[in-house]
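First up is the structure itself, then whatever we jot down about it.
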Amino acid sequence: MWLQPSTSRELVTISCTPQQLACAWIQPAQGAYPYTLRAYKRIALNRLELAQGKLCNATLIEKHISSFLKKHDLANAYLTFALRGPELYEAIIDAPTTQPTMRDIPVPKKLHHVWDYRYLYTNDNAHAALYVCSISQALLLQYKLMAIRQHWQLLSITTISMGYIHAYVHSHGAAFRHSKLGHDLARCNNRLDAIVPDMIIRRQLAVPTRYAAELEQEMPTITPLLGLTMSEHGAL
Amino acid sequence: MKKLTFIETLSPREYRALRRWYHVSLGAAGALLIGITVAQLHQLYRFARAQRAAARYALTATQPSQQHDTLANTKKSLEAQLAQLKDTASTAMLHTPLQACRAACGTTVRLNSYRQQHDTVICSIVCSQTGHALAMVRTLQQHPLFARAKITQLHTMQDSKGKFVQATIAAQLNPSTPV
């Protein structure tokens, strides 16, 4: 009560979609692989726990996450949530400037949403392609309340697409170029989920044998979680 | 690329710094509290010791008073004893007028009774002649112990042996004479 809870330097990334909840504990490592997957769990949500992206059964979601944290002794770890669903607005838009104002970006329900953007690349017509996303205040509050109730050390709440972008950026390292990102996005038809090739992830992440068999199937879920770990690595 | 997040949270570094600051503050507050407590306890200990010393000195200071009371009581009892002794002495002095009366009786007068009420002595005598009674009165009048000795009653009586005189003499004890 009197002492502040101790915090570990571990980071647990959690992705939430209406269909599934995935938790991953990824640690930076020394050696051939820069990161190691220490623990991973994906839970299919079949009982409308996250219907329409809303926390319809927060108790069950809390239970899933808490059991994962407890099992791996990560009660004091930092948590990062990556969300996707109807309650989130995500788009890649063209803007005449790389630093647009709120008026320049056509985000729906601006007053009821928290929104932000990131510059991706510059088009041939000198317009900037921006990744714009927003989340409803109500959903954000739900996640905040859940974190407060469970005494989780919440580090950030972002989108799964942002996890893909971070995975792409950090896997390229110093060789990252916005123009290359634009080229790759054009190649993938602006699908952020497809810009990170599995091969790059396999080079970055050491996967224990117990997860190796399912890696191919889990790659779309693990990739944004790894991207979030990469983005937070410097802060820890 | 800068990370994108919808919430403003403390970074782990800031959180650690806050936690460190909190613990240092808590430790400092605890140390301060302990210091204050120790100082207060020291003051309380000194106060208790001073109180004990004051009680001891108060006890020492009341001893002369107690001695005074004891001596006063002793004095009172001695005075009571002295008064009793004086009474006893005055009782003893009672015998002196009696002896004077007996001496005044001589061989001719027989002292029948002797009564002393305050400063008045009343003697009842029996003698063969009135003159003997008058002689006794004169003797008493000349005695320094008595003043105003006089015959209050005088009866001439007769029995089988013959006539005799029964007289009652009253005399005042001389107040100027030390008893």
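So that the names make sense, note that chain A is the first sequence line, chain B the second, and so on, each numbered from 1.
Side-chain contact check for T9(B) versus S156(A): every heavy-atom pair is 4.5 Å or farther apart. Within the 4.5 Å cutoff, no side-chain heavy atoms of H170(A) are placed close to those of M1(B).
By the 6.0 Å contact criterion, CZ on R110(B) is open, its count of non-hydrogen atoms from other residues, nucleotides or ligands being 12 or less. For Q52(A), the CD atom is loosely surrounded, since the number of other residues' heavy atoms within 6.0 Å does not exceed 12. Taking a 6.0 Å sphere around CD of E79(B), one finds it holds more than 12 heavy atoms contributed by other residues, nucleotides or ligands. The environment of NE2 in H127(A) is crowded: more than 12 heavy-atom neighbours from other residues, nucleotides or ligands sit within 6.0 Å. Atom CG of D94(A) sits in a crowded spot, with more than 12 heavy atoms from other residues, nucleotides or ligands closer than 6.0 Å. The local environment of CD in Q30(A) is sparse, with at most 12 non-hydrogen atoms from other residues, nucleotides or ligands closer than 6.0 Å.
In this structure, C133(A) and F6(B) approach most closely via the heavy-atom pair SG-CZ, 3.6 Å. Residues H166(A) and L4(B) come closest through the heavy atom pair NE2-N, 4.1 Å. Across all non-hydrogen atoms, the minimal contact from K2(B) to M162(A) is O-CE, 4.0 Å.
For a residue to count as touching a neighbouring chain, one of its non-hydrogen atoms must lie under 4.5 Å from one of that chain's; by this rule V169(A) touches chain B with the side chain only. Proximity to chain B (any heavy atom under 4.5 Å) is shown, for L228(A), by neither the backbone nor the side chain. Interface residue L154(A): backbone and side-chain heavy atoms are both found under 4.5 Å from chain B. Using a 4.5 Å cut-off between heavy atoms, Y143(A) does not touch chain B at all. Only the backbone of Y119(A) comes within contact range of chain B, judged by heavy atoms closer than 4.5 Å. In this structure, the portion of S134(A) lying under 4.5 Å from any heavy atom of chain B is its backbone and not its side chain.
In this structure, I7(B) CD1 and L141(A) CG are separated by 11.5 Å, a value rounded to the nearest 0.5 Å. Remark: F81(A) CZ to T5(B) OG1 distance equals 11.5 Å, nearest 0.5 Å.
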| field | CA sep, side-chain torsions, deciding dist, call: R16(B), R9(A), side-chain contact (heavy atoms from CB on, under 4.5 Å) | value | CA-CA 10 Å; R16(B) 278 196 289 273; R9(A) 287 175 183 267; 3.3 Å; yes
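Among V114(A), I135(A), T80(A), the residue making the largest number of heavy-atom pairs under 4.5 Å with chain B is I135(A).
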